[in-house]
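Just so we're clear, the structure is a prediction, and the values are computed from it rather than from any experiment. Residue numbers start from 1 in every chain, and the chains themselves are labelled A, B, ... in the order their sequence lines are given, proteins ahead of strands.
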Amino acid sequence: MLTQELRAEIARAAERAVASGDLPASATPVPPFDVEPPRDPRHGDYAANLALVLARAVGRPPREIGAAILRHLPAPSELVDHAELAGQGFLNLTLAPSCLSRWLRRVHAEDRRFGHTDVGRGRRVLVEYVSANPSGPLHVGSGRGGAVGETVARLLEALGYRVSREYYVNDYGNQVDALARSVEARYLEALGRPAAFPEDGYQGAYVVEIARQIVREHGAQLAEVDGAERFSRIQSIALAAMLADIRNTLEAFGITFDTWFSERTLHERGAVRRVLEELRERDLVYEQDGALWFRATRFGDDKDRVLVRGDGRPTYFAADIPYHLDKYARGFEHLIDVWGVDHIGDVARLRGGLQALGKDPATLEFLIHQHVRLRNEGEAVRMSKRTGEFVTLRDLLGAVGRDAARFFFVMTSPGAPMDFDLALAQRRSADNPVYYVQYAHARICSILREAERAGIPMPQAEGTDLALLTSPEERVLAKRVIMLPDIVHAAGTRREPQRLCAYARELAEAFHVFYTQCRVLTDDATLTAARLMLVDAARRGLRNTLDLVGVAAAERM
RNA sequence: GCGCCCGUAGCUCAGCGGACAGAGCAGCUGCCUUCUAAGCAGCGGGUCGCAGGUUCGAGUCCUGCCGGGCGCGCCA
């Protein structure tokens, strides 16, 4: 990362200042400090706050410290053209032309890997997301979880982690039982037989559709078999149908999971029972009112939690503990659960359950995303899964397309509730920020096609004089492109995928401004070569950013 | 009542303890015989919910309050 190079350069200057007696020894070891682009372009390309950070420890005014560091900072150098002391003690740096050139060449050399780093060092991370109950089609809230989870997974891969994507299938318990009873009733109805539709049943048309599918494939045959057997067979058919639908929808959304983990298997192979026994041995459970309770309050939860109900059936929580133990057992060092806000109350108990069994809470992380409020021309769209009146993720994809949906879901902070206005997103117009970014990419591709048509060869990294790129528009574009590694690092380590969308927009803006000010294909062959390399670097930066968000980098629009 | 999250321009939202708080939309004004006008340039628009505190420095961190959302089940 460029900021790391600059940070190291400034830290070395501070060390030299200490060595020469210009700064007291208390300035070393050099503490962490920020190097970032200032808001005001008059403050240079990057600003460092080391002098301000050191003021307290050194006991001297920041400007005095900054002046001492500045005296030992070589400039002009290959990295920094010039540096100046400003404001309360900022060191404002202007990058050397050779620095921009070197990084632009790096963009070409690394191509699809530009922006990637290796802070993860191959550590294994499991990202679990979506994990919606297979009792109905995915709704738009799952779309947000999917987009956020997928982008976080891609960010972590770009940071050098080995990432696995997992969907936890709740194929056990009340909800899938209700699904099976609903399908069973519709099946019997379809055969013209009397059937009472269950009170807690799912009303949606998809239930009728699954019932029809069973009629097509099995006729009346299943109606003849014994009740328990029939229920079980219908349940597995219904489950398979729902999961196929969910999987297809997610694939259309650009998301593919490595693992679909079945909750049922945890019960069947005794993993739930073993965890209960272990908790009992450690005296972390007690019986009350016929139920088995976990002493969650010992681990920071605000009340104890039921593991086994009075009727002997384990709760969802009881299976969640062995599920997460299984993740660790499979070799993952760090777990990220991307959950909807409706599960926020379950975080403390799961954290407590795993802590009780010796797992380090720091290795289990929750990324909670808030609700999506659907709107149509500003008016709220009512949704209810039970009555079947809701907008599915598939509906959304059909209406606004995958690119707009992915970009919109990632664009806002996961922690803030978001409004998704269907009518607005359906208007395929400039209102939509995703087009602004895609359009920049398409324009670059158009220039490259035009260059090819005119027989202008793509410049080679060696022999192209990038020092010709001196106008403000060219420098801003170059600087934005080479920021990508820092952006990916911040977005990934802080789990703030929305930074990618903000950056994509800024990079596109820098290109559009450049485009209106600077002509790429000119009679000047050396300038043309330099600008071709610049826009080709911008193309790679935009494409790599959009790849992380899951949005297509359109070559024509 | 308790817990978590959110309060930033008319609307939807960005904003990494740093310098004069930004974008898009909406409104108004200009710019296409030249690589895509899905673009660019400009004009307006703010007590960053309120009050304290920490800090050289707070929209950002801490505390309290106000407003909103979600959760607080032997549902998932």
*Within less than 4.0 Å of OP1 or OP2 of B:rC2, is there a side-chain N or O belonging to A:Lys303?*
no
_Paired nucleotide for B:rC50 [Watson-Crick or G-U wobble; both distances under 3.5 Å]_ = B:rG64
*Return the value, rounded to whole Å, for the distance between atom OH of A:Tyr46 and atom P of B:rC16.*
16 Å
_For A:Gly550 versus A:Arg406, what's the shortest heavy-atom pair and its separation?_
CA-NH2, 3.4 Å
*With syn defined as a glycosidic angle within 90° of 0 and anti as everything else, classify B:rC32.*
syn
_Checking base pairs now: Watson-Crick or wobble, both atom distances under 3.5 Å. What partners B:rC74?_
none
*Counting side-chain heavy atoms from C-beta on, which of B:rA41, B:rG39, B:rC75 comes nearest to A:His512?*
B:rG39
*asked:* If the test is side chain to side chain contact (heavy atoms under 4.5 Å, CB included), which one of A:His369, A:Gln370, A:Gln498 qualifies with A:Ser413?
replied: A:Gln498
*What distance do A:Tyr168 atom OH and A:Tyr316 atom OH have between them, rounded to the nearest 0.5 Å?*
5.5 Å
*For B:rC4, does OP1 or OP2 lie under 4.0 Å from any side-chain N or O of A:Gln370?*
no
*Assigned partner base of B:rG17, Watson-Crick or wobble definition, under 3.5 Å*: none
*Could you tell me the separation between the CD atom of A:Gln498 and the C1' atom of B:rC13, rounded to a whole number of Å?*
11 Å
_B:rA19 base / A:Asn49 side chain donor-acceptor hit below 3.5 Å_ = no
_Taking only side-chain N and O atoms of A:Arg39, does any of them lie within less than 4.0 angstrom of OP1 or OP2 on B:rA19?_
yes
*What's the closest nucleotide to the A:Leu52 side chain, out of B:rG24, B:rC35, B:rC56?*
B:rC56
*In whole angstrom, what separates A:His371's NE2 from B:rG68's C1'?*
13 Å
*Does A:Arg453 place a side-chain N or O at less than 4.0 Å from the phosphate oxygens OP1/OP2 of B:rC35?*
no
*Between A:Tyr439 and B:rG39, do the rings stack, that is, sit under 5.5 Å apart with planes less than 30° off each other?*
no
_A:Thr516 OG1 to A:Glu473 CD distance, which is reported to the nearest 0.5 Å_ = 7.5 Å
*Go ahead and name the base partner of B:rU33; Watson-Crick or wobble counts if both distances stay under 3.5 Å, otherwise write none.*
none
*Once you apply the 3.5 Å cut-off to both distances, tell me the Watson-Crick or G-U wobble partner of B:rG42, or none.*
B:rC28
_Shortest side-chain distance from A:Asp419, nucleotide among B:rG18, B:rC13, B:rC70_ = B:rC13
_Taking only side-chain N and O atoms of A:Arg494, does any of them lie within less than 4.0 angstrom of OP1 or OP2 on B:rC16?_
no
*Within less than 4.0 Å of OP1 or OP2 of B:rA37, is there a side-chain N or O belonging to A:Tyr515?*
yes
*Ring center gap for A:Phe409 and A:Phe420 short of 6.0 angstrom*: yes
_Check the phosphate of B:rG15 against A:Tyr503, side-chain N and O only, distance under 4.0 Å to OP1 or OP2. Yes or no?_
no
*Hunt down the Watson-Crick or G-U wobble partner of B:rU55, both distances under 3.5 Å, from any strand shown, or write none.*
none
_Any A:Arg309 side-chain N or O less than 4.0 Å from OP1/OP2 of B:rC75_ = yes
*Could you go step by step and tell me if A:His139 and A:Thr392 meet the side-chain hydrogen bond (donor to acceptor under 3.5 Å, both in side chains) rule?*
CA-CA 4 Å; A:His139 56 90; A:Thr392 64; over 6 Å; no
_By nearest heavy atom, map A:Ala48 and A:Gly310 onto RNA chain B; which one lands nearer the 5' end?_
A:Ala48
*Write down the partner of B:rA9 under the Watson-Crick or G-U wobble criteria, each distance required to be under 3.5 Å.*
none
*Using purine N1 to pyrimidine N3 plus N6-O4 or O6-N4 for Watson-Crick, or N1-O2 and O6-N3 for G-U wobble, both under 3.5 Å, which nucleotide pairs with B:rC4?*
B:rG69
